[in-house]
Amino acid sequence: MIDASILSVFLVLPVLGAVLAWILPARPNAQKTISVTVSLGLLAASVLLAILAVSAQKAGFVLRERIPVLSDWGIAWHVGVDGLSIAMLFLSALVQFCASVVAAPNGRVRAYHSLVQLLFVGVNGTFLALDMVFFYVFWEVMLIPMFFLIAIWGGDDRKRAAVKFFLYTMGGSMAMLLAMLVLHFQIPETGMTVAVRNAEVREQMTVGSQGETYLYDLPVLASDSLGKPVVAAASDIASGSNRPLFVPVERNFDLLHWKLLAPYWADLQILGFALAPVALAFFFVAFAVKVPSFPLHLWLPHAHVQAPTAISVVLAGILLKLGVYGLLRVAWPLFPAAALDGANLFAWIGVISIVWGGFAALGQSDLKRLVAYSSISHMGFCVLGIASATSQGIAGAAFQCVSHGLSASLLFLLVGVVYDRAHHRRVDGFGGLAQIMPKFSAIFLLSAMVGAGLPGLAGFVGELSSLLGAWVNPATRVAGLVAASGVILSAAYLLWTVKRVIYGTVKHPEQRAFSDLNTAEMAALAPLAALSILLGVWPGLLQAALGPVSASLAGHIAWVAGLR
Amino acid sequence: MNSVALTLLQWTPHELRFLLPEILLATSILLACVLDWTLDVRSKRMVVWFAAFSAVATLVLAVVAGGSIGQADPASMFSPDPLGQFVRIAALVGAVLVLLAFNGSRSIDGRAEQGENAILVLSVALGAMLLASANHLIALYLGLEFLSLSSYGLAGFRAHNAKASEAGLKYVLYGGVASAIALFGISHLWGMAGTFDVREIGVVLSSRGGVDALIPMFLLGSAFAYKLALVPFHFWSPDVYQGCPTASAGFLSTVPKIAGFAALLKTLMALLPWWGVVASPVAISTFLALFATVSILVGAVTAGVQKDAKRLLAFSSTTNAGIMLLAFSSWITRDAVAGVGLYLMAYLAANLGAFLALDILERSAGSTNLAALGGSWKRHPFAVVSLAVCVFSLAGIPPLAGFAGKWAVLTEVVRASMEDGLGLAPLAGVVAALFGSVALAAAYLKLLRATVVDDPAIADSATDDSWKPAHLSEIPLFLCVLASILLGLGWPLLSVFRSRIGG
């Protein structure tokens, strides 16, 4: 039987890859083979997890382990995967595969491939971590490799772009660090007993050898007639009895314990100020920088334009998703009441990103900048969906992460292809490529349609579901209506770009010499394109993993908000 | 002076037992001097070897003698306690590393006077050890002076170099004023309390409720602030580091600071009863937090506009010292002291490592100017990777050592601010420390941009591509890098510190 130790594969494999890529003599193909092999291994592992998740059909963690490592400080090595993190791990492995196949660093090959592997240690670690300290550590681990990847192998203005990326992200992380320290010390040193939602108990319950029940490794207590907690019997919970259930929570950094404390955070006051909205704001800033959400998006176009193709793919394909993942794993579960109170505000932040990013994309003359702004616009739907705090909205946000991961990776890879042939990326510098590069043009059209949210393709499902979620929650309904215009905007700028680049007459005769996609480019593009279609016609495949998690989170939010 | 003489008389061979490492080191310094005079120019390198060997021997003795720590009479002038033992080990490890680096490198500026340099390094280490185990204001002053005088020599070593002479002179003048101020404060304290023993001073002053003792305290405190290069006493450090041979600057920026922190900590702890009388805990921790905040922010922002790598590291040291001072605003709890211990270890490894790496880069680039360091990654890949690790550790990026130290310090300050009713100033200090870290990271990125990312400047005649460092000089650098990585994973050390030096 598969146990939680398989999760360490997601960290050990890239570390091994990094070491191997560094110690072997520099030969581009040797290092590339290592990167591709590692990503294939991770892909296999994540498919295995995905099978587990889809077959389990539950909201809870499919695999999870918790080993106290620094108990004096309440820190534990706590990792686990549910449907959401498995979807993200799969996307991460897929993006790593595509980025490795097309990787073409101009020099310093060993360093390049080592740094890419280290970057994915951080990415995968963040998706696995269920302890706030390790979440933070992995979050920061991504900074250093990404800085060098942009600063060394990027375009002309790469150094400024890399510094901008580093400082924006680090500023956000500092907000996260401060918020987590303050929260930690709000838990009484002696620990506390909190009431839990019975649905949560059923999802996360395990039964010990003595028949006692556990929730996230914590014994579950039921209260007796005098309100005094007693250890609950397994039968009590299995029978669905509605006796209030209590669990003890220690002073620690455990995200799952912190989630149980959501009602406690909601009531907490410091110096007469409610803590929850402030802490939520700090976490939101940390994650919104990564998403990136208006007004913290300024680093993204710059970083994208300067980064080499493969790194742009990684940035758009997976790094941005970490922001959404952070909102779903940390910010919203911990402060559901404050999040609901601010639903309107957060929804508008999402909508401004959608509309602003869309208009900015319309005005771009550089293909990469255009795709970068379209990323800001598309990721806005994630923020909108999460802000609605409804089951549909959350599922839509998570789905949009995957579909945007596919469409943005496709578009950046394709821009990389034309840049490789033409050595420029000006939209008006192309025309009629369909006559010259039919395979390229077909995939370009498909990617644009995925991005524009055409029904039958992956992009449609996430956007529709986010908008539905926004409609369901009255507080975000107006914002949702405005956001729907973003769909038209994205169709406008993407299809206009398609028209100018691949249709019409060949404007530059020298482009007739361009070769169509080669094998490596096909190998990177084909799986992404295939998956975009597959998820469009069979969204249930992904929804099976995301649905229960979203429903559970929405239920949690509603429960905590209802306690007031 | 009567009490000084009395204290001296009370010394017995039994008491001297606790100072055996210091005695051994002092003897080695004298022997090294004799060796340096007698050897001819070509074999001066023997002196460095001898110095390194005696530092290792002292280290072994200090570790072996560690068992008797705490048995020494706390009323004697020097009584090594666990904190003193910590400084002993740190100072000797630092001395061994920097001596190895000297030995592997070519002579400084083509001169063969490494012997004297090595002797000065040992003296600085001895001064640091004495300062950290002083219990008595006269002993404290002697330790401070011993440390400072040797440091002046080390800083102004390249006597024919204008920058070095400036560094030496500035250091002497600034240091002279600081130590005169300290002495003035000490004399006042003696006048008020009638004793030099810091513990007794704390008791006497608290019983007489001496608010007036705040003035000599501030005078004494400014001498510490000078040693630690805290704002506004930090102006000497960039000039001194810049003029100093780079490896020596690494040593000067770490070991004396560790000793300074230990002595400050000891003094503050001994005076705790008095603090309680003169002001409320909130007032004192607010004062310390504000003082720390100013150093953190000024250091971080000023580091960002530097054009020389050594000046940049000097200002970053000010920020790091500020963060450690911030720990004291938690009313010097056990966890805060342990956190500062871990921070100091991380700082020793990372800062010394950064300077040692820079030393290697400087020899090819001809200077430590950021513009001259372009393309260093091509010439010295190992030194550049090491520099990156050390600098990221200094910036507090996990999972490196600097993060563990920062984590330990900041968590304790947040806890104290929330739970011990010390007001919001320490928490505000934490906010400043976090955003100061971002500003400082911007400065560090400039350094890394120059060394790791930039290509060599075209037709740069000053660079010497053929020079390769001796492998021996890369060993101390490697050890620093290893420590910067392992200490980041070695948080359990914190519990060791907590039980030992947390007092």
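Proteins get letters first, then strands, A, B, ... in listed order; numbering begins at 1 in each. We use all heavy atoms of the structure for the numbers below, so side chains are in, but hydrogens, waters and symmetry mates are not.
Looking at every heavy atom in both residues, B/Val414 comes nearest to A/Phe185 through CG1-CD1, 3.7 Å. Scanning both residues, B/Ala442 and A/Leu167, for their nearest heavy atoms gives CB-CD1, 3.6 Å. Contact record, B/Pro398 with A/Val141: O-CG2, 3.8 Å, taken as the closest heavy-atom pair. Counting all heavy atoms, side chain and backbone alike, B/Val453 lies closest to A/Ala151 at CG1-O, 3.0 Å. The nearest pair of heavy atoms linking A/Leu178 to B/Leu434 is CB-CD1, 3.5 Å.
Surrounding CZ of A/Phe138 are more than 12 heavy atoms belonging to other residues, nucleotides or ligands, all under 6.0 Å away. Annotation: A/Asp156, atom CG; neighbour count of heavy atoms from other residues, nucleotides and ligands within 6.0 Å does not exceed 12. Heavy atoms from other residues, nucleotides or ligands lying under 6.0 Å from CZ of A/Arg160 number 12 at most.
Here CZ of B/Arg415 is found 7.0 Å from CD of A/Glu189. Values are rounded to the nearest 0.5 Å. Taken from OG1 in B/Thr411 to CH2 in A/Trp73, the straight-line distance is 9.0 Å, to the nearest 0.5 Å. In this structure, CD in B/Glu419 is found 8.5 Å from CD in A/Gln186, a value given to the nearest 0.5 Å. In this structure, CG in B/Leu400 is found 6.0 Å from CD1 in A/Ile144, a value given to the nearest 0.5 Å.
When B/Val430, B/Val452, B/Val385, B/Ile397 are compared by the number of non-hydrogen pairs under 4.5 Å with chain A, B/Val452 comes out ahead. With respect to chain B, the highest number of heavy-atom pairs below 4.5 Å among A/Leu143, A/Val163, A/Ile270 belongs to A/Val163. Interface summary for chain B: among A/Lys159, A/Met170, A/Glu140, the most heavy-atom pairs under 4.5 angstrom belong to A/Lys159.
Of the two parts of A/Met180, only the side chain, counted from C-beta on, holds a non-hydrogen atom closer than 4.5 Å to a non-hydrogen atom of chain B. For B/Ala395, the part lying near chain A is the backbone, with the side chain staying farther off; criterion is any non-hydrogen pair under 4.5 Å. No part of B/Ser417 comes within reach of chain A, as not one of its non-hydrogen atoms sits under 4.5 angstrom from that chain. Of the two parts of A/Arg251, only the side chain, counted from C-beta on, holds a non-hydrogen atom closer than 4.5 Å to a non-hydrogen atom of chain B.
Between A/Phe148 and B/Phe392, the ring planes lie perpendicular to each other; the angle is over 60°, past the 30° to 60° tilted range.
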Which is it for A/Tyr136 and B/Trp407 under the side chain to side chain contact (heavy atoms under 4.5 Å, CB included) test, yes or no, and what are the steps along the way? CA-CA 12 Å; A/Tyr136 175 80; B/Trp407 172 269; 5.5 Å; no
Working for side chain to side chain contact (heavy atoms under 4.5 Å, CB included), residues B/Trp377 and A/Ile152: CA-CA 11 Å; B/Trp377 57 272; A/Ile152 297 180; over 6 Å; no
Give the intermediate values and the outcome of ring-ring contact (aromatic ring centres under 6.0 Å, His included) for residues B/Tyr444 and A/Phe166. CA-CA 11 Å; B/Tyr444 287 139; A/Phe166 192 99; over 10 Å; no
